[in-house]
Every structure is written in structure tokens, then in C-alpha cells.
Amino acid sequence: MILIGPPGSGKGTQAQRLEQRIGAVHLSTGELLRDEIAAESPLGKTAATYMNAGRLVPDQVAVKVVVDHMDRGDPDADYILDGFPRTTIQAEELDRILGERGLEVGKAVEIYIEDDVLKERLTGRFACVKCGEGYHKSFKRPEIEDVCDKCGSIEFDVRSDDTEETIRTRLGIYHVETAPILPYYENRGLLVKVDGEKSVSDVTKEIELILADVG
Ligand code: AP5
């Protein structure tokens, strides 16, 4: 399954919730690239210049992190792709990558949502440094103030690309470069749309119903 949606639409939130429920691997290109940056690898150094400006990394870089991750993993795994593909070239490359592994896209789920709601979500977002659990200052605070619900850590951080200016750039790029891939899946009868302004659990339920249909 592919999750397609603008920054802040809830792709990561839903993928995290679904991966255990449906037994699939959550593959987030954003997370993999942030890992490369943290490791100060050559690929991470290239990616950082694009990501800090809110721009897409070059297609070949995004494709490389996906292929490397799949090559390291279980060849029989099912995947929830979060943030990939993001351009028409990446969508075509994905078909090639999956084809080589005897896999195919089951569903492409578009999470749609108004830009104003997204800005509020992204400017309030923070995450646990230790386990990565995501929070929001208005919508999802830790049950005990400043203590991670999942691992008990007291260290949190804010993503460096969640500034107002970068969020504007990321939203613009979504509309210009990523939204055009939607017809690629619609024309093949693979695209389904989910209202991302519903509650987190309602969105999960909708996606689960869609996946039940795939079988
Ligand atoms: P990436 O990490 O993929 O970021 P993004 O697409 O900008 O998406 P986000 O992670 O910001 O949002 P999300 O949709 O996952 O929402 P979330 O669940 O966190 O990519 C980062 C960068 O890496 C890109 O800009 C690019 O530079 C590069 N990159 C990555 N992939 C690439 C590719 N394929 N090609 C080229 N470059 C690539 O939710 C947001 C907030 O809202 C959270 O606080 C959450 O708690 C809250 N929330 C979620 N759902 C709900 C709900 N239903 N109701 C209320 N609050 C909610």
C-alpha cells in the first residue's frame, strides 16, 4: 500500500498504527533520509541540503534508499510506503522495483486535507528523541507532561523542516510535483481517497476497510 498526502496529512501516524495491525513493514523515505543525515553519511549530507530547504531530494537518492531498505529486509514482506513515490519518475521506478521482486501496488491511498489544517498540525508537532513516538501540542500531548507515553524518555525534539517558511515550500511542492502522480494510480483503478481531517482512529478504520477489500 502507498500512502500519498501532503506534509502533515497523517501518513506517518497512520503507517505506524497500521504496520502492526496488518503485519506490514512501514517504509518511510523521510525517516530513512533523516537516519542517513544523523549518520552523517555522504547520502545524508546530500539529502540534508534539500530537506532543510523543504525541497524533494533527487529521484535517484529517494529510489536508492527504498531499494537498499528492501534489499536488507524480508523478501516476502508487504510494505506500507509512506512518502514514496513523490514524483512521476519515482512512481515508474516503484513499478520496476516491485516487479523485480514479484510484488505490485495493492492500493494507493490519498489522504486529502486543507492546507490551513496542515500548517497548524506541522507547527505543533514534536517527537520523542529516544523512540520516535510523535506528539502534538494541541492534538496529542503525552499523558504525563514532558514524559513519553511509550518509552518514558523526557527528551523531545522538533523537526528542522517544520518551520513556517519550509512548510509553505513543502506544501507548494506537494501540489506541483506529487499531486500529479494521483492520476497514475487512478487510471489503473488503484486510487482510493480518505478524509484526513477525521480523527486518527477513524482514518485508520477507513484504511483498514480499504485493505480488507484488497484481501
Ligand atoms: P517526510 O518525512 O515524508 O515528511 P512529509 O511528507 O513532509 O510528511 P510529514 O512527516 O511532515 O507528515 P505526515 O503526513 O507523515 O503527518 P504526521 O503523521 O507526522 O519527508 C521529509 C522530507 O524528506 C521531504 O520534504 C523531502 O525533502 C524528503 N523526502 C522524503 N521522501 C522523499 C521522496 N520520495 N522523494 C524526494 N524527497 C523525499 O502528522 C502530522 C501531525 O498531525 C502530527 O503531530 C500528528 O500527531 C497529527 N495528526 C496526524 N493525523 C491527525 C488527525 N487525523 N487528526 C489530528 N491530528 C493528526
Side-chain angles (χ1 to χ4, degrees), residues 2-19 26-37 43-44 46-67 69 80-94 97 109-115 117-128 132-142 149 156-163 165-179 181 194-207:
I2 304 170
L3 291 176
I4 305 170
S9 54
K11 303 181 297 295
T13 301
Q14 294 303 329
Q16 269 180 9
R17 289 168 63 86
L18 286 162
E19 72 171 331
H26 173 195
L27 193 164
S28 157
T29 38
E31 284 300 320
L32 292 173
L33 290 165
R34 281 186 286 279
D35 288 347
E36 294 283 345
I37 292 172
L43 190 149
T46 305
T49 57
Y50 292 90
M51 290 171 77
N52 289 335
R55 292 161 52 210
L56 296 183
V57 306
D59 287 327
Q60 68 271 24
V61 173
V63 169
K64 180 169 172 29
V65 294
V66 170
V67 169
H69 189 79
I80 302 170
L81 296 180
D82 158 11
F84 186 90
R86 266 172 142 111
T87 63
T88 308
I89 289 175
Q90 291 181 19
E92 290 165 356
E93 279 294 293
L94 177 62
I97 295 164
V109 178
E110 178 196 0
I111 307 181
Y112 64 90
I113 187 162
E114 293 292 326
D115 281 4
V117 180
L118 297 171
K119 283 178 193 155
E120 192 188 357
R121 282 193 188 174
L122 292 172
T123 46
R125 173 167 71 168
F126 58 99
C128 172
E133 183 71 359
Y135 296 95
H136 191 280
K137 67 181 180 192
S138 308
F139 311 126
K140 187 190 166 196
R141 300 189 73 88
D149 297 343
F156 298 90
D157 68 2
V158 172
R159 261 171 55 177
S160 60
D161 59 349
D162 276 350
T163 64
E165 192 189 340
T166 311
I167 290 167
R168 252 196 318 274
T169 307
R170 286 158 63 201
L171 285 175
I173 286 178
Y174 176 77
H175 293 299
V176 173
E177 296 196 42
T178 303
I181 70 172
V194 172
D195 180 357
E197 287 186 43
K198 291 188 176 168
S199 71
V200 169
S201 56
D202 281 351
V203 175
T204 309
K205 275 185 216 147
E206 277 197 38
I207 299 176

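Every number for a ligand or one of its atoms is a count from 1 in the order of the listing. Heads up: numbering here begins at 1 and tracks the sequence. Note that the coordinates shown come from a computational prediction; the quantities given were computed from them, not determined experimentally.
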So which bit of [X] gets within less than 4.0 Å of ligand 1, heavy atoms only: side chain, backbone, both or neither?
| X | answer |
| --- | --- |
| S28 | neither |
| Y135 | backbone |
| I111 | neither |
| L122 | side chain |
| K140 | neither |

Counting heavy atoms only, which of [options] is nearest [atom]?
| atom | options | value |
| --- | --- | --- |
| atom 13 (P) of ligand 1 | G5, G8, G54 | G8 |
| atom 33 (C) of ligand 1 | R86, K198, Q14, R159 | R86 |
| atom 37 (N) of ligand 1 | V63, V57, T169 | V57 |

Ligand-residue contact atoms, ligand 1 with [X], heavy atoms, under 4.0 Å:
| X | result |
| --- | --- |
| S199 | 53 (N) |
| R34 | 2 (O), 21 (C) |
| A62 | 33 (C), 34 (N), 35 (N) |
| M51 | 22 (C), 23 (O), 27 (O), 28 (C) |
| Q90 | 33 (C), 34 (N), 35 (N), 36 (C) |
| G12 | 13 (P), 15 (O), 18 (O) |
| T29 | 30 (C), 31 (N), 32 (C), 34 (N) |
| G196 | 53 (N) |

**OP:** Anything under 30° is parallel, anything over 60° is perpendicular, the rest tilted; go ahead and classify F126 against Y135.
**Re:** parallel

Using a plain distance cutoff, I'd like to know if [X] has any nitrogen or oxygen under 3.5 Å from a nitrogen or oxygen of ligand 1.
| X | result |
| --- | --- |
| H136 | no |
| D161 | no |
| S9 | yes |
| P7 | no |
| Y50 | no |
| F84 | no |
| E31 | no |
| R55 | yes |

Top protein contact for [atom], by heavy-atom distance:
| atom | answer |
| --- | --- |
| atom 9 (P) of ligand 1 | R125 NH1, 3.3 Å |
| atom 49 (C) of ligand 1 | T13 OG1, 3.5 Å |
| atom 29 (N) of ligand 1 | L33 CD1, 3.6 Å |
| atom 47 (C) of ligand 1 | R121 CD, 4.0 Å |
| atom 16 (O) of ligand 1 | G10 N, 3.2 Å |

Original post:
What do the steps show when you test T123 against K119 for side chain to side chain contact (heavy atoms under 4.5 Å, CB included), and what is the final call?
Top reply: CA-CA 6 Å; T123 46; K119 283 178 193 155; 5.6 Å; no

**OP:** Apply the test side chain to side chain contact (heavy atoms under 4.5 Å, CB included) to residues M51 and R159: give CA-CA distance (whole Å), side-chain angles for both, the deciding distance (0.1 Å), then the verdict.
**Re:** CA-CA 10 Å; M51 290 171 77; R159 261 171 55 177; over 6 Å; no

Enter the distance from [X]:[atom1] to [Y]:[atom2] here, rounded to the nearest 0.5 Å.
| X | Y | atom1 | atom2 | answer |
| --- | --- | --- | --- | --- |
| E110 | L3 | CD | CG | 11.5 Å |
| E120 | I167 | CD | CD1 | 11.0 Å |
| I207 | Q14 | CD1 | CD | 4.5 Å |
| L33 | L43 | CG | CG | 6.5 Å |
| R125 | D157 | CZ | CG | 10.5 Å |
| I113 | E197 | CD1 | CD | 5.0 Å |

Original post:
Does atom NZ of K64 have more than 12 heavy-atom neighbours from other groups under 6.0 Å away?
Top reply: no

Original post:
For L171, does the CG atom sit with more than 12 other heavy atoms under 6.0 Å from it, leaving out its own atoms?
Top reply: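 Above 12, so yes.
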
**OP:** Could you please spell out the steps behind the salt bridge (charged side-chain N to carboxylate O under 4.0 Å, His left out) verdict for E165 and R168?
**Re:** CA-CA 5 Å; E165 192 189 340; R168 252 196 318 274; 5.6 Å; no

Original post:
Hey, mind stepping through D115 and H175 against side chain to side chain contact (heavy atoms under 4.5 Å, CB included) and telling me if it holds?
Top reply: CA-CA 10 Å; D115 281 4; H175 293 299; 3.2 Å; yes

Original post:
Any sub-3.5 Å donor-acceptor pair from R86's side-chain atoms to A62's backbone N or O?
Top reply: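 Such a contact is absent between R86 side chain and A62 backbone.
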
**OP:** Say whether, by atom type as modelled, one donor and one acceptor occur between the side chain of E93 and the main chain of I89 under 3.5 angstrom.
**Re:**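 Flag not set: sc E93 to bb I89 has no pair under 3.5 Å.
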
Original post:
Does even one non-hydrogen atom of P6 get within less than 4.0 Å of ligand 1?
Top reply: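 Yes, that is the case, since the closest heavy atom of the residue is under 4.0 Å from the ligand.
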
**OP:** Show your reasoning for whether side chain to side chain contact (heavy atoms under 4.5 Å, CB included) applies to K140 and T13.
**Re:** CA-CA 11 Å; K140 187 190 166 196; T13 301; over 6 Å; no

Original post:
Tell me, do Y50 and D161 make a side-chain contact under 4.5 Å, heavy atoms counted?
Top reply: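 Side chain of Y50 against side chain of D161, heavy atoms only: no contact under 4.5 Å found.
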
